[in-house]
Visitor: 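What follows is a structure written as structure tokens; I'll ask about it next.
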Number of protein chains: 2
Amino acid sequence: MTAEQAAQVVPLLKALADPVRIRLLSLVLSHEGGEACVCDLQPSFDLTQPTISHHLKVLHEAGLLHREKRGVWVYYRARPEALEAMTQLFAAAPSATPATPVTPAAPTAAGAGA
Amino acid sequence: MTAEQAAQVVPLLKALADPVRIRLLSLVLSHEGGEACVCDLQPSFDLTQPTISHHLKVLHEAGLLHREKRGVWVYYRARPEALEAMTQLFAAAPSATPATPVTPAAPTAAGAGA
DNA sequence: TGTCACTATCGACGCATGTCGATGTCCTGC
DNA sequence: GCAGGACATCGACATGCGTCGATAGTGACA
């Protein structure tokens, strides 16, 4: 993985690397119709409304949540593309060593002449 | 997802939510034999040795890397269990709304009598 | 028009984190 | 025993982040 590839995935991981935000995303996903407004989400947390709004903004800016205003309420919905990107990231990773014999390799940087 | 479940996954995500660490894990996975020592990894970054060591420690404490000392070198190897936990997390999530019609739901918390 | 409810933004505070230089620990080879 | 290399730890610094209270913006309703 190059530095550029890492720079693409890290914002998504950063957005999810918070207990409040990953629960927010889970709540939105499991909510009726796959969408929820702030007033649906806030009661699940012991946090103030601005804090919830802040976390939703982070998820939105990371591309994980879609935002839509309907009258007084703002509805958030998960964006499957972002979730799929995460799925593919981890689906590709562990295939490297499923049951390989793990041949001990000599270090290359410092040279094998130790 | 409960707060407890989130608390279990978040440390893994936090450990990966860094461009250096996700590249370190990728390098270890793709390295010969699925393992690498610090001297193999450091040349890929413009960072000092203590910083690389710090990031490897974070990955190790999160359960993502296994650590083994052989002589002067310390070899790091990915732990498939942790990667599988990540895979399952994201594999279960996006199945909520693949092509659902998204029926507009009224907010429940503030009551519909607004 | 005035009021109320829902949500976002702002400014501030404290804590966590990434990075570095200096140093310590452990092993190898002479 | 001594020198040198590989890696970890420590202390310090700057930056980022989560949280709050206060406040602004916007739509609904009487």
Side-chain angles (χ1 to χ4, degrees), chain A residues 3 6-7 10-24 28 35-62 65-77 105-114, chain B residues 3 6-7 10-24 28 35-62 65-77 105-114:
Chain A
V10 162
L12 289 175
L13 289 168
K14 267 193 190 306
L16 285 177
D18 183 279
V20 174
R21 288 199 289 267
I22 201 170
R23 282 184 61 203
L24 277 173
V28 169
E35 63 181 6
C37 69
V38 183
C39 58
D40 291 326
L41 303 169
Q42 190 182 343
S44 300
F45 302 89
D46 284 335
L47 297 173
T48 62
Q49 177 266 324
T51 301
I52 299 293
S53 188
H54 162 71
H55 286 301
L56 287 169
K57 182 183 181 182
V58 172
L59 289 170
H60 173 59
E61 289 181 344
L65 285 184
H66 173 76
R67 192 169 125 184
E68 183 182 353
K69 188 162 187 176
R70 290 191 216 146
V72 192
W73 297 288
V74 175
Y75 284 81
Y76 286 92
R77 196 170 48 216
T108 60
Chain B
V10 162
L12 289 175
L13 289 168
K14 266 193 190 306
L16 285 177
D18 184 279
V20 174
R21 287 199 289 267
I22 201 170
R23 283 183 60 203
L24 278 173
V28 169
E35 63 180 7
C37 69
V38 183
C39 58
D40 291 328
L41 303 169
Q42 190 182 344
S44 301
F45 301 89
D46 283 336
L47 296 173
T48 61
Q49 176 266 323
T51 300
I52 300 292
S53 187
H54 162 70
H55 285 300
L56 287 169
K57 182 183 180 182
V58 172
L59 288 170
H60 173 60
E61 290 180 343
L65 284 185
H66 173 76
R67 194 167 125 184
E68 183 182 352
K69 187 163 188 176
R70 289 190 216 144
V72 192
W73 298 289
V74 176
Y75 285 81
Y76 287 91
R77 194 170 48 216
T108 60

Visitor: Roughly how many Å is it from CG in A:L59 to P in C:dA8, rounded to a whole number?
Guide: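 Rounded to the whole Å, the gap is 12 Å.
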Visitor: Kindly give the heavy-atom pair with the smallest separation between A:V10 and B:I22, and that separation in Å.
Guide: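 Taking A:V10 first and B:I22 second, the nearest heavy atoms are CG2-CG2, 4.1 Å.
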Visitor: Do nucleotides 14-27 of chain D as a string where each nucleotide becomes B, S or -: B if the base has a protein heavy atom under 4.0 Å, S if just the sugar-phosphate does, - if no protein is that close.
Guide: ----SBBBB---SS
Visitor: Any donor-acceptor pair under 3.5 Å linking the side chain of B:R23 with the backbone of B:F45?
Guide: no
Visitor: Atom CZ of B:F45 to atom P of C:dT19: distance rounded to whole Å?
Guide: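 So the two atoms are 10 Å apart, to the nearest Å.
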Visitor: May I have the distance from B:Q42 (atom CD) to D:dG5 (atom P), rounded to whole angstrom?
Guide: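 Result: 14 Å.
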Visitor: For a 4.5 angstrom cut-off between non-hydrogen side-chain atoms, does A:L41 reach A:L56?
Guide: yes
Visitor: Calculate, to the nearest 0.5 Å, the distance between atoms CG and CG belonging to A:L16 and A:L24 respectively.
Guide: 10.5 Å
Visitor: Expressed as a whole number of angstroms, how long is the span from B:L41:CG to D:dA6:P?
Guide: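 For the pair B:L41 CG and D:dA6 P, the rounded distance is 14 Å.
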Visitor: Nearest heavy-atom pair of A:T48 and A:Q42: which atoms, and what distance?
Guide: C-NE2, 3.9 Å
Visitor: To the nearest Å, give me how far apart CG (B:L56) and P (D:dA8) are.
Guide: 7 Å
Visitor: D:dA8, OP1 or OP2 - any side-chain N/O from B:Y76 closer than 4.0 Å?
Guide: yes
Visitor: How would you list, by chain and number, every residue that makes a salt bridge (Lys or Arg N to Asp or Glu O under 4.0 Å) with A:E68, sequence neighbours excluded?
Guide: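 For A:E68, the residues satisfying salt bridge (Lys or Arg N to Asp or Glu O under 4.0 Å) (neighbours in sequence not counted) are A:R70, A:R77.
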Visitor: What is the distance, to the nearest angstrom, from the CG atom on A:L65 to the C1' atom on C:dT7?
Guide: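 In whole Å, C:dT7 C1' and A:L65 CG are 15 Å from each other.
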Visitor: Taking atom P of C:dC6 as reference, at what distance in whole Å does atom OH of A:Y75 sit?
Guide: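 Rounding to the nearest Å, OH of A:Y75 and P of C:dC6 are 12 Å apart.
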